[in-house]
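Report on one structure; see the data block that follows.
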Amino acid sequence: LRRGEAALAIHRQQHNRHAEAVALGNQGIILRRSGRMEEAKKMYEASLQANRAIGNRRLEGAILGNLGTLHVAAEEYDLATSYYEQALVVHREVGNKHYEGVVLGNFGELLFRMGNYGGARVRLGVAIEVAAAVKDRIMEGSFLAVMGQVLDALGDIEGADASFVEAERI
C-alpha cells in the first residue's frame, strides 16, 4: 500500500494521468481486499474520473466492474447493477470480450443472490460462452458452477447436475 501511495505521488508530480489512473485503481483493489471499502470506493471513483478525463475506455470499464463488485460486497445491489450495466456498455464498445464475460458472470451471480434466477441464467449462459470463446477455462468452470446453483434453484436438477459435472471436469 505504501509503495502504491509513493508511486501515485510520483505519477502526479510527473503529470502522468494514465499511470495515475492505473495506480488509483490498483490502490482500490488493495484496499478492497483488505476490507477498507470506503477508501477503496474513493480510489475507484478517482480512477474512474481520471480514466474518463483521458479517454481510457478499457480501464474505465474495468473500474466500473470493480465498483460493481464493491457494491455487491456492501449489499448495495441497485448500485452494483448500475455499475455492471455501465461496465458492459464500455467493454462491448471497446471489444474487450474477456472482461465482458467477467462482468456478465458477476452480474449473473448478483441476480442469483437477488432471486432473479431467469436473469442470472441468461447472463451466466452468455458469460460461459464468452469464457469458452476467449479460452479462459477458470472463468468458464467458475460460472458453470454458479449456473448449476441457478438451475437447481429453478428446479432443473438434470441441468444443474450437468453444469456441476462440467465445472468439475474443467
Side-chain angles (χ1 to χ4, degrees), residues 1 4 8 17-134 136 138-154 163:
L1 196 57
L8 187 56
R17 293 285 289 171
H18 173 77
E20 177 185 349
V22 171
L24 286 163
N26 289 340
Q27 289 291 96
I29 292 168
I30 293 166
L31 290 164
R32 187 188 77 214
R33 287 183 179 164
S34 61
R36 296 162 63 181
M37 299 304 214
E38 281 304 312
E39 292 172 85
K41 181 180 172 184
K42 289 177 185 174
M43 289 291 174
Y44 285 148
E45 288 172 348
S47 179
L48 182 61
Q49 182 180 18
N51 281 297
R52 285 180 171 162
I54 63 173
N56 187 343
R57 300 284 284 158
R58 288 183 78 83
L59 193 52
E60 176 186 346
I63 296 299
L64 287 165
N66 287 345
L67 279 161
T69 302
L70 183 133
H71 286 290
V72 168
E75 297 183 356
E76 297 169 340
Y77 297 148
D78 289 340
L79 284 170
T81 296
S82 174
Y83 282 115
Y84 284 155
E85 287 172 345
Q86 292 176 65
L88 282 172
V89 168
V90 172
H91 290 310
R92 287 174 176 154
E93 284 177 4
V94 301
N96 191 338
K97 293 298 283 182
H98 183 266
Y99 279 105
E100 178 184 345
V102 169
V103 172
L104 280 165
N106 289 343
F107 199 179
E109 288 185 64
L110 168 61
L111 293 172
F112 174 65
R113 276 189 190 197
M114 295 172 65
N116 181 347
Y117 305 133
R121 182 181 191 169
V122 169
R123 282 167 186 80
L124 285 163
V126 177
I128 292 164
E129 289 173 9
V130 170
V134 299
D136 186 330
I138 294 170
M139 179 172 48
E140 185 179 0
S142 174
F143 292 145
L144 276 164
V146 178
M147 179 64 92
Q149 294 175 321
V150 170
L151 294 173
D152 183 58
L154 287 167
S163 287

| query | Applying side-chain hydrogen bond (donor to acceptor under 3.5 Å, both in side chains), which residue pairs with at least one partner in residues 104-119 are found, sequence neighbours left out? | reply | none
| query | Distance from M114 atom CE to F107 atom CZ, nearest 0.5 Å? | reply | 8.0 Å
| field | Y44: partners by ring-ring contact (aromatic ring centres under 6.0 Å, His included), with sequence neighbours left out | value | none
| request: Could you tell me the separation between the CZ atom of F143 and the CD1 atom of I128, rounded to the nearest 0.5 Å? | output: 8.5 Å
| Which residue pairs pass the salt bridge (Lys or Arg N to Asp or Glu O under 4.0 Å) test with at least one member in residues 50-64, sequence neighbours excluded? | R52-E60, R57-E60, R57-E93
| Working for side chain to side chain contact (heavy atoms under 4.5 Å, CB included), residues I30 and R33 | CA-CA 5 Å; I30 293 166; R33 287 183 179 164; 6.0 Å; no
| Applying salt bridge (Lys or Arg N to Asp or Glu O under 4.0 Å), which residue pairs with at least one partner in residues 20-32 are found, sequence neighbours left out? | R12-E20, R17-E20
| query | Tell me, which pairs form a salt bridge (Lys or Arg N to Asp or Glu O under 4.0 Å) where one or both residues lie in residues 139-151, sequence neighbours left out? | reply | R137-E140
| remark: For residues 80-89, the salt bridge (Lys or Arg N to Asp or Glu O under 4.0 Å) pairs (sequence neighbours left out) are none
| Looking at residues at least two apart in the chain, or sitting in another chain, which of them share a side-chain hydrogen bond (donor to acceptor under 3.5 Å, both in side chains) with D136? | H98
| Residue list, salt bridge (charged side-chain N to carboxylate O under 4.0 Å, His left out) with E39, at least two apart or on another chain | R36
Listed pairs under 3.5 Å, donor-acceptor, residues 74-84 side chains, sequence neighbours left out:
{"unit_1": "E76", "atom_1": "OE1", "unit_2": "H71", "atom_2": "ND1", "d": "2.5"}
{"unit_1": "T81", "atom_1": "OG1", "unit_2": "Y77", "atom_2": "O", "d": "2.9"}
{"unit_1": "S82", "atom_1": "OG", "unit_2": "Q86", "atom_2": "NE2", "d": "3.2"}
{"unit_1": "Y84", "atom_1": "OH", "unit_2": "T69", "atom_2": "N", "d": "3.4"}
{"unit_1": "Y84", "atom_1": "OH", "unit_2": "T69", "atom_2": "OG1", "d": "3.2"}

| query | Residues in side-chain contact (heavy atoms from CB on, under 4.5 Å) with K42, at least two apart? | reply | none
| With a cut-off of 6.0 Å (strictly less than), are more than 12 heavy atoms of other residues, nucleotides or ligands near CD of Q49? | no
| field | Greater than 12 external heavy atoms within 6.0 Å of Y99's OH | value | no
